[in-house]
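Proteins come first, then strands; the chains are lettered A, B, ... in the order of their sequence lines, and each starts at number 1.
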2 protein chains.
Amino acid sequence: MALPNGPVTTSSEAEAVLFDLVDVYDRAFEAAAAELSLSPAQACVLGRLDERRGMGALAEELGCDASNITQIVVRLEALGLVAREPNPRDRRARLVARTPRGDEVNHRFATAFTFARTAVGRLSPDEQDQLTALLRKALG
Amino acid sequence: MALPNGPVTTSSEAEAVLFDLVDVYDRAFEAAAAELSLSPAQACVLGRLDERRGMGALAEELGCDASNITQIVVRLEALGLVAREPNPRDRRARLVARTPRGDEVNHRFATAFTFARTAVGRLSPDEQDQLTALLRKALG
DNA sequence: CTTCTTTACTTGAGTGAATCAAGGATCATT
DNA sequence: AATGATCCTTGATTCACTCAAGTAAAGAAG
């Protein structure tokens, strides 16, 4: 389990609840990944492969070094969840795609990670809209 | 930067905003720690030492193995931000406390980590209360 | 007071994430 | 044909994290 990102001493209830939310969310994500013997990073990458794409695109979207993606994809490939194919348009590049097993594991992960779904489900449709509006405003 | 914990394909706007929030929060925490040359885990532990306490208490609160805490504290100690003292009541145990420099760095970290404060600050007091209530309900 | 168990922490080994520096291959331009 | 940029991989290093094992001391039981 990764250590929680906080709290710094919180000066308001809202901040404290925000921290709680982030903490619970992160732990739920990690737990769901662990159920499938995946690291959070592996689950993250696997979840972004609904369409075949290049390593560089992944790195840019995830905001990390390309070599980091290489490592994670290598491990996913070793697990048989992902395959790298040459890019016919550019022989430097490689396209990553989920294998059928990768699709299945990703689907099971989406089922296991119930936190966001469950949390939102505790709210009425009206409340969901309110929450969305408030968080959008808070995010600036 | 740690990879974001999501998204799994989101089925509602509220879920998507929730993910955004968590992602931005985590990145802001990491960035604030990096400003002070700390890892997120180091900033986390440092922030929990407002009062002197034992290694085991930290491990339990943070939900990780005691040996993990040992390592992090060793590094914080090497940075001069934390000190371990023998526990006079129990010679097996050691008490960890921030040094004056640790206090200062922790304070600077709290200043640098503006995300939660800023986000909440974008809302009126009424809205803050609404958000708190909605998140509490969502957290179950 | 000895033995046994439990508690508190450390050490060592191993995995994985992340970053940086450097390099090979290919593309794109001139 | 040469130059430079781009895409990715490799290697080295640091840190987080976990597990297994070990030391030392506390606590309980005989």
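- The side chain of Arg75(A) places an N or O atom within less than 4.0 Å of a non-bridging phosphate oxygen (OP1 or OP2) of dA17(C).
- A straight line from CG of Leu62(A) to P of dA18(C) spans 9 Å, rounded to a whole angstrom.
- Shown here are the ring-ring contact (aromatic ring centres under 6.0 Å, His included) partners of Phe19(A), two or more places apart in sequence or in another chain: there are none.
- Arg53(A) and Glu60(A) are not joined by a salt bridge, as no carboxylate oxygen comes within less than 4.0 angstrom of a charged side-chain nitrogen.
- In this view, Leu38(B) and Ala33(B), Leu36(B), Gln42(B), Ala43(B), Leu46(B), Leu76(B), Leu79(B), Leu81(B), Val105(B) satisfy the side-chain contact (heavy atoms from CB on, under 4.5 Å) rule, not counting sequence neighbours.
- Judged by distance alone, with hydrogens and angles left aside, the side-chain atoms of Gln128(B) form a donor-acceptor pair with the main-chain N or O of Leu123(B) at under 3.5 Å.
- Listed here is the closest heavy atom pair of Pro40(A) and Asn5(B): CB-OD1, 3.9 Å.
- Within residues 102-116 of chain A, no residue is approached by DNA chain C to less than 4.0 Å at the level of any non-hydrogen atom.
- In plain terms, the two heavy atoms of Ala66(A) and Ala59(A) that are nearest each other are CA-CB, 3.9 Å.
- Taking a heavy-atom distance under 4.0 Å as the criterion, the stretch of DNA chain D touched by chain B extends 5' to 3' from dC15(D) to dA26(D).
- When heavy atoms are screened at a 4.0 angstrom cut-off, Ala59(A) is found touching no nucleic acid atom at all.
- A search for salt bridge (Lys or Arg N to Asp or Glu O under 4.0 Å) contacts involving Arg91(B) returns nothing, not counting sequence neighbours.
- The distance between atom CG of Leu3(A) and atom P of dA17(C), rounded to the nearest whole Å, is 18 Å.
- Heavy-atom minimum distance, Tyr25(A) versus Ala116(A): CE1-CB, 4.3 Å.
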Please list, for nucleotides 3-5 of chain C, all pairs of protein and nucleotide N/O atoms separated by less than 3.5 Å.
none

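- The number of heavy atoms from other shown groups lying within 6.0 Å of CD (Glu13(B)) does not exceed 12.
- Distance, Ile72(A) CD1 to dT19(C) C1': 12 Å, rounded to whole Å.
- Contacts of Thr9(B) classified as side-chain contact (heavy atoms from CB on, under 4.5 Å), with partners at least two apart in sequence or in another chain: Asp50(A).
- In terms of heavy-atom proximity, Glu77(B) sits nearest to Val82(B) at CG-O, 3.4 Å.
- Under the ring-ring contact (aromatic ring centres under 6.0 Å, His included) criterion, no residue pair touches residues 55-99 of chain B, with sequence neighbours excluded.
- Within the 3.5 Å criterion, the main-chain N or O of Ala110(A) finds a donor-acceptor partner in the side chain of Arg117(A).
- For Glu85(A), the salt bridge (Lys or Arg N to Asp or Glu O under 4.0 Å) partners at least two apart in sequence or on another chain are Arg52(A).
- With sequence neighbours excluded, the residues forming a side-chain contact (heavy atoms from CB on, under 4.5 Å) with Ala32(B) are Phe109(B), Ala112(B), Phe113(B), listed by chain and number.
- Among the heavy atoms of the strands lying under 4.0 Å from Asp90(A) are primed sugar atoms or P, OP1, OP2 only; no base atom is included.
- Within residues 24-50 of chain B, no residue is approached by DNA chain C to less than 4.0 Å at the level of any non-hydrogen atom.
- When all heavy atoms of Met55(B) and Thr70(B) are compared, the pair lying nearest together is CE-CA, 3.5 Å.
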All N/O pairs under 3.5 Å across the protein-nucleotides 9-11 of chain C interface:
from    : atom 1 : to       : atom 2 : distance (Å)
dC9(C)  : OP1    : Met55(B) : N      : 3.3
dC9(C)  : OP1    : Arg94(B) : N      : 3.3
dC9(C)  : OP1    : Arg94(B) : O      : 3.3
dC9(C)  : OP2    : Gly56(B) : N      : 2.6
dT10(C) : OP1    : Arg84(B) : NH1    : 2.4
dT10(C) : OP1    : Arg94(B) : NH1    : 2.9
dT10(C) : OP2    : Thr70(B) : OG1    : 2.6

